[in-house]
Amino acid sequence: MSPKLTEAQILQALEQNYSLKGKLVPLPSYADLNFKLITKQSDYVIKVANCADSHLNLDMQNAAMQHLADQQLSVPHAINNHQQTTITELMDAHGKRCHLRVLSYLEGRFYSDAKPDKHNINLWRSLGRFLGEIDQVLLSFNHPGAYRYIKWDLSHGLGVCQTKKHLLDDDNLDLVEHFLTRYQIHVLPNLASCPQAIIHNDANDYNLLIDQPDAPKAIIGIIDFGDMVYSHQINEVAIATAYAILGQDDLQQVITEVITGYHQNRPLNQTELSCVYYLIALRLCTSLCNAAEAIQREPNNEYLLVSVKPAIEALKKLRKLSAFSCELKLLKTCGLTHDIAEQYQKISDYRNRHMARSLSLSYQQPLKIERGEGAYLIDANGDAYLDMVNNVCHVGHCHPDVVLAGQRQMAKLNTNTRYLHENIVNFTQKLLATFPESLSVCMLVNSGSEANELAFRLAQAYTQSKQLIVVDGAYHGNTAACVNASPYKFDGSGGQGAEPHIHKVALPDPYRGIHQGSEPVIAEAYAESVSKAIETIHSNGDKVGAYICESLQGVAGQIIMPNGYLKSVYEKVRAANGVCIADEVQVGFGRVGTHMWAFQTQGVIPDIVTLGKPIGNGHPLAAVIVKKEIADAFANGMEFFNTFGGNPVSCAIGEAVLDVIEKESLQQNALDVGNYMRSELLKLQDKYDLIGDVRGVGLFNGVELVNDRSSKEPATEKMEWLIEHFKRNKILLTSEGPHYNILKIKPPIIFSKQNTDYFIQVLEQGLIELEQQ
Ligand code: PMP
């Protein structure tokens with residue numbers, strides 16, 4: 001509540017206590033009574049503080065202004081009254097005590113007087129430098145009045161937003177939550193490394209003075225010390241930047257200039273630079289939440305509605321910037337980066353000396369990837385690459401829900417499965433609910449290879465046979481048994497060919513395979529290859545063990561098997577008492593769009609399903625889902641113990657991934673964006689002969705390049721060029737298949753239509769260049 005005093009009473013008090021006489025002109029104020037006092041000699045600002053403001057706080061403000069003014073900084077200072085103090089007590093009409101102060105008047109125009117299109121690099125730099133100087137001087141200032149709680153202290157921004165965000169509409173809530181969770185992950189754990197001091201805490205455009213509004217070049221003063229508080233110093237410049245970006249297009253430029261300017265006078269450390277993007281966002285979120293509260297109180301106040309618009313726009317633009325790229329740019333302009341070439345060399349040298357040579361790196365010039373954000377990977381230069389190969393970080397790199405689930409559980413407990421714990425039950429229940437009822441037992445392991453290894457043991461226990469039928473070109477993992485089951489490995493370089501118990505069948509490839517087309521007769525022709533393998537096993541006097549097949553072929557070349565193939569094969573295998581294993585390590589979890597599991601696209605129910613990669617969004621987790629009778633046959637007295645499989649941390653993460661898929665309707669996204677992507681790819685196929693085939697379901701797609709559409713000669717070298725072309729245009733993709741002429745497309749399933757448009761545009765540019773080569 002503002003103090004109740006008439007102008008006459010104030011003039012009387014001024015004369016009595018300061019011997020000042022003049023004219024009062026009201027000034028706008030949030031909660032106080034403020035005037036400009038015009039006297040014959042000079043002008044002053046008269047502030048009568050809200051009764052709630054404590055004497056201690058006002059004394060702190062006056063002392064801080066004096067401290068800064070003593071160092072020739074352009075701030076107001078409080079004038080002494082006849083008692084030689086800076087605060088004069090008065091009684092207002094309600095009988096409430098209030099505090100009158102007389103401040104020197106600073107000349108200048110407000111930052112807000114300059115239209116946003118007049119703001120410029122010099123102004124932003126100057127803003128940073130000015131605040132850096134203020135904060136450098138405030139480092140030697142201390143006062144008990146600054147240790148207090150105020151809702152505009154950004155250290156409490158998260159709490160303020162959490163208690164008010166329910167008042168936002170859905171779009172704004174989504175925006176605010178996006179930043180709040182990231183603030184929790186990226187800033188909260190690091191705040192301890194951000195120095196604290198007393199700060200001005202409100203360098204907004206109504207408190208900053210500039211040289212001139214038409215072509216502003218410099219900040220010439222700051223007023224209103226009413227929000228001063230002991231807080232993280234970085235908040236000072238984060239708050240100022242939050243205002244400076246309003247109405248601007250190139251937010252990165254504004255941020256860079258203000259922060260770099262600040263750093264010149266009050267050096268920032270690396271942690272502060274890593275937090276500042278999120279702190280800028282947090283300030284805007286706080287403004288939104290506080291405004292939502294005010295709007296609730298005054299729903300017809302148009303001004304309130306209009307005033308939050310620039311903040312919403314700025315948050316939307318901020319969301320499009322990569323936080324990490326922003327951090328790297330700041331590190332660079334503040335001179336805190338290490339030489340990147342040196343870093344590359346060090347890592348390469350160490351790898352060459354101490355890592356197995358069988359590990360390979362992608363690209364002629366390898367990338368040093370430092371961060372993942374959604375569909376993007378960001379390298380040490382701060383360049384964001386659209387990741388179109390990573391089907392592991394399925395719901396987006398570093399999805400905050402998944403990160404938080406892991407962090408929280410890691411801080412509580414991580415043990416093996418020999419104790420009772422809810423997490424394994426909760427995760428397993430949710431996972432099994434996505435399968436047909438007969439697939440009712442879940443075994444948790446740590447990698448796709450381990451899942452397949454266990455699947456082979458389960459099948460062997462049930463059938464008492466280790467005879468295994470595998471599909472040509474397939475890959476099932478890196479353990480001994482998995483390499484044995486992978487023609488891609490045992491027939492590839494360094495391979496030793498098939499072991500006697502491994503029976504390879506034709507790859508059902510409708511485009512390049514031994515039978516071409518997708519009709520039922522083709523499916524049947526390929527299934528015949530399995531009949532032959534069964535005959536061979538029988539003629540050797542053995543029993544059939546298992547048939548393993550990816551529900552869609554990944555490594556073999558992004559192949560969609562002809563409809564009816566798996567149905568026919570499963571019938572044949574089961575007729576021979578074998579079991580059918582579906583490897584869903586690459587293709588599961590909604591990627592196909594129409595279904596949660598890719599085997600469902602073939603209308604079959606496997607006996608064993610193996611899961612991996614996307615299940616933990618990058619955390620080492622995998623699973624085997626198996627029919628009860630098979631699991632029972634495996635329980636022959638030998639314990640199955642797995643130190644890490646099913647631990648509470650992994651299960652919390654697995655459950656978070658399932659929740660995100662559902663909450664964000666990602667299966668539907670895979671369907672919509674996948675369909676859109678293929679329709680765009682088919683348009684390119686019409687235009688460019690180089691594209692021999694476009695195929696896929698959902699966000700699992702392949703584009704096969706051929707030099708000649710009739711001979712289907714693989715365009716391997718062109719594909720190699722195209723992969724580097726994508727990299728130059730900040731898209732990560734790889735080639736696949738026996739001839740490496742198939743573009744393998746399997747992005748995180750949050751991939752958007754806009755992402756697709758960019759990919760199509762870069763692909764078309766590449767195709768045009770290839771035609772001209
Ligand atoms: N199965 C398939 C189909 C795979 O693609 C892979 C890995 N590329 C695996 C199994 C093995 O998984 P991991 O690397 O997690 O052991």
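Both counts, for ligands and for their atoms, begin at 1 and track the order of listing. Residues take their numbers from the sequence shown, with the count starting at 1.
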Looking at [atom], what's its closest protein heavy atom, distance included?
atom                    : answer
atom 10 (C) of ligand 1 : His476 O, 3.2 Å
atom 8 (N) of ligand 1  : Lys613 NZ, 2.9 Å
atom 5 (O) of ligand 1  : Gln586 NE2, 2.7 Å
atom 1 (N) of ligand 1  : Asp583 OD2, 2.7 Å
atom 16 (O) of ligand 1 : Ser449 OG, 2.4 Å

Which ligand 1 atoms are under 4.0 Å away from a heavy-atom of [X]?
X      : result
Gly477 : 11 (C)
Ser447 : 15 (O), 16 (O)
Asn452 : 1 (N), 10 (C)
Glu550 : 3 (C)

Quick one, [X] and [Y] - any side-chain contact, counting heavy atoms below 4.5 Å?
X      : Y      : value
Leu444 : Thr428 : yes
Asn577 : Tyr462 : no
Tyr570 : Pro606 : yes

(message) Gly448 versus ligand 1: do any nitrogen or oxygen atoms come within less than 3.5 Å of each other?
(response)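 Between Gly448 and ligand 1 (N or O atoms, distance only) the closest approach is under 3.5 Å.
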
(message) Can you confirm whether more than 12 heavy atoms, excluding those of Lys368, are under 6.0 Å from its NZ atom?
(response)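 Counting neighbours around NZ of Lys368, more than 12 heavy atoms of other residues, nucleotides or ligands fall under 6.0 Å, so yes.
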
(request) Check Thr610 against ligand 1 and report side chain, backbone, both or neither, counting heavy atoms closer than 4.0 Å. (result)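 Thr610 to ligand 1: no contact under 4.0 Å from either part.
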
(message) Test of understanding: given a 4.0 Å heavy-atom threshold, classify the contact between Glu450 and ligand 1 as side chain, backbone, both, or neither.
(response)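 For Glu450, no heavy atom sits under 4.0 Å from ligand 1.
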
(request) Describe, in one word, how the ring planes of His354 and Tyr350 are oriented to each other, choosing from parallel (under 30°), tilted (30 to 60°) and perpendicular (over 60°). (result)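 Ring orientation of His354 relative to Tyr350: tilted.
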
(request) Please determine, by modelled atom types, if Asn540 and Gln467 share a side-chain donor-acceptor pair under 3.5 angstrom. (result)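 No.
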
(message) Between Lys504 and Asp491, does any side-chain N to carboxylate O distance fall below 4.0 Å?
(response)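 Between Asp491 and Lys504 there is a salt bridge, with a charged N closer than 4.0 Å to a carboxylate O.
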
(message) Quick check against the 3.5 Å criterion: does Asp632 have a side-chain atom that pairs as donor or acceptor with the backbone of Glu629?
(response)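 Here the side-chain-to-backbone pair does not exist.
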
